[in-house]
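A short worksheet on the structure shown next.
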Amino acid sequence: VAGRLVEFDGSLGLIIGGGGASLTAFDAVRRHGGQPANYCEIGGNPSVRKVAGLTRLILSKPGVQRIAVIMNVVNNTRVDLVARGVIKGCVESGRDPAKTIAAFRVPGAWEEEGFRLLRHYGVEYLDRSVSIDEAARRAIAGMSQGS
Amino acid sequence: LSILVDEDTRVIIQGITGREAVSFTRDMLDYGAKVVGGVTPGRGGRDVLGVPVYDSVRQITERERVDASVLAVPAPFVRDAAFEAIEAGVPLLVIVTERVPRRDVVQVLELARLRGRRVIGPNTMGIISPGKTKVGSIGGPAEDTRKSFLPGPVGVMSRSGGMTTELSNLLSQNGLGQSTAISMGGDPIVGSTFAELLPLWQGDPETKALVLFCEPGGPLEAALAEQARLPDGQVRRAGNSLPIVAFIAGHFMAEMPGVRFGHAGSIVEGRADTAEEKARIMREAGIVVADDFSQIPALVKRALGER
């Protein structure tokens, strides 16, 4: 199920999921003035390797400055594996995860482990008290501050 | 109260010995669901987590009442498993399997209609009446489920399984519990539509407002709008119709007709499929449509206050 990718022209890479949340997140990014570089939907508990590969692919596109990871509260997908994959993909692309990940909003299964990992790399994460569209807004606010 | 399922609902699992079925059966038991049996042909006499396994549905229905069956068999076997449950008299089928061939789905729904059974799905995560029971994988492990879903007065229907949890979590975070939450299934053809379930919500005295997660593609939203508009013929309480708040995701898809995003049923092939047009039709019928996802709790509270 993981890894449906459609290209757009913007500078904000997106890793979003599942099926309904990705539509919600993509709309929210645009509504708040964001320019998505892609639509990339993940789900069905993708492996660390798969998420890392998608992250590298998205970051390799010219003009992509940062990446936002936004999913609904997950039951089957493990938050820590998504976090590990995105961080790995950033590092393998020669980027600092803390400066590259504009938002990480994936609450749910194994979230404590995932949040601990993100903290370790200095990445700000958003928990279930922050809605999908608020996460999109914050990702874009971070972009405009520049980095 | 709640609709479709509650603490007394006696559930069986068809395909209970499959890996995912074992996992969600554990979660259901932990949440307090009454799982009275499982079915896997050729595996009768065993048990899964203490739940007895039978060779056929009838072996269970012959000796005890069964209110619902969760179908988690592989896609090629869904049709026969559903026929079996329908003919054995099970009134509610919850089909969680993905990628069931469309002609099989049509045949299942036709037989269900003839026999007066209700079908949710396919490609559904299931149904939950918070604090009472859950039927299917909805919410995941019991501990996670309790974080996202709280008992309360709001009915939830969603075309996305994940967004059923997300939407309920958003409501819970804002002090709005749920009477029942239903993942409708993301396929182009599903067993129950928004419109078909509306009378159940309207007839439930504990449900004070209804919230919907909608997507581009398909006739579900337009059919609901038509039904919501009907002045008579539905179960109504004390002259009040049930307030409905809807959110429609996928506005961007209008720019990309013919491309499928998210679920199998989510595609824009004509103007009527777009989020914008669905919003217009629903608003015309008196349904409140949220522009932003996080506006939903405030709109629900306003609707509750106006009653």
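The figures here come from the full heavy-atom set of this structure, side chains too, leaving out hydrogens, waters and symmetry mates. Protein chains get the first letters and strands the later ones, always in sequence-line order, with residue 1 at the start of each.
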_Stepwise side chain to side chain contact (heavy atoms under 4.5 Å, CB included) test for Asp291(B) and Arg31(A)_ = CA-CA 10 Å; Asp291(B) 289 320; Arg31(A) 209 171 146 72; 3.5 Å; yes
*Anything in residues 261-276 of chain B with a heavy-atom distance to chain A below 4.5 Å? Please list those residues in order.*
Phe261(B), Gly262(B), His263(B), Ser266(B)
*Max heavy-atom pair count under 4.5 Å with chain A, selected residue of Gln173(B), Met125(B), Glu20(B), Glu143(B)*: Gln173(B)
*Taking the inter-plane angle between the rings of Phe252(B) and Tyr39(A) on a 0 to 90° scale, is it parallel (under 30°), tilted (30 to 60°) or perpendicular (over 60°)?*
tilted
*asked:* What's the separation between atom CG in Asn174(B) and atom OG in Ser129(A), rounded to the nearest 0.5 Å?
replied: 10.0 Å
*Name the option with the most non-hydrogen atom pairs under 4.5 Å to chain A; the candidates are Gly140(B), Ser294(B), Ser137(B).*
Ser294(B)
_Heavy atoms from other residues, nucleotides or ligands near OH of Tyr121(A) exceed 12 (cutoff 6.0 Å)_ = no
*ring-ring contact (aromatic ring centres under 6.0 Å, His included) pairs, two or more places apart, involving residues 128-152 of chain B*: none
*Within residues 72-87 of chain A, which positions have a heavy-atom distance to chain B below 4.5 Å?*
Asn72(A), Val73(A), Asn75(A), Asn76(A)
*Side chain Asp27(A), main chain Ala249(B), donor-acceptor under 3.5 Å*: no
*Give, as side chain, backbone, both or neither, the part of Asp27(B) having an atom under 4.5 angstrom from any heavy atom of chain A.*
neither
*Which region of Phe24(B), side chain (C-beta onward) or backbone (N, CA, C, O), has a non-hydrogen atom less than 4.5 Å from a non-hydrogen atom of chain A, or is it both or neither?*
neither
*Around Glu124(A), counting heavy atoms of other residues, nucleotides and ligands shown, do more than 12 lie under 6.0 Å from its CD?*
no
_If the contact rule is any heavy atom under 4.5 Å from chain A, which residues of residues 214-223 of chain B qualify, in numerical order?_
Glu215(B), Pro216(B)
*Find the distance between CG (Leu167(B)) and OG1 (Thr24(A)) and round it off to the nearest 0.5 Å.*
9.5 Å
*Could you go through the side chain to side chain contact (heavy atoms under 4.5 Å, CB included) check for Ser148(B) and Arg128(A) one step at a time?*
CA-CA 9 Å; Ser148(B) 302; Arg128(A) 69 177 62 218; 3.0 Å; yes
*Without swapping roles, check the side chain of Asp133(A) against the backbone of Asp292(B) for a donor-acceptor pair under 3.5 Å.*
no
*Contact origin within Ala109(A) toward chain B - heavy atom pairs under 4.5 Å*: both
*Take Glu166(B) and Arg105(A) through the salt bridge (Lys or Arg N to Asp or Glu O under 4.0 Å) test and state the conclusion after the steps.*
CA-CA 12 Å; Glu166(B) 179 70 32; Arg105(A) 193 274 184 191; 2.7 Å; yes
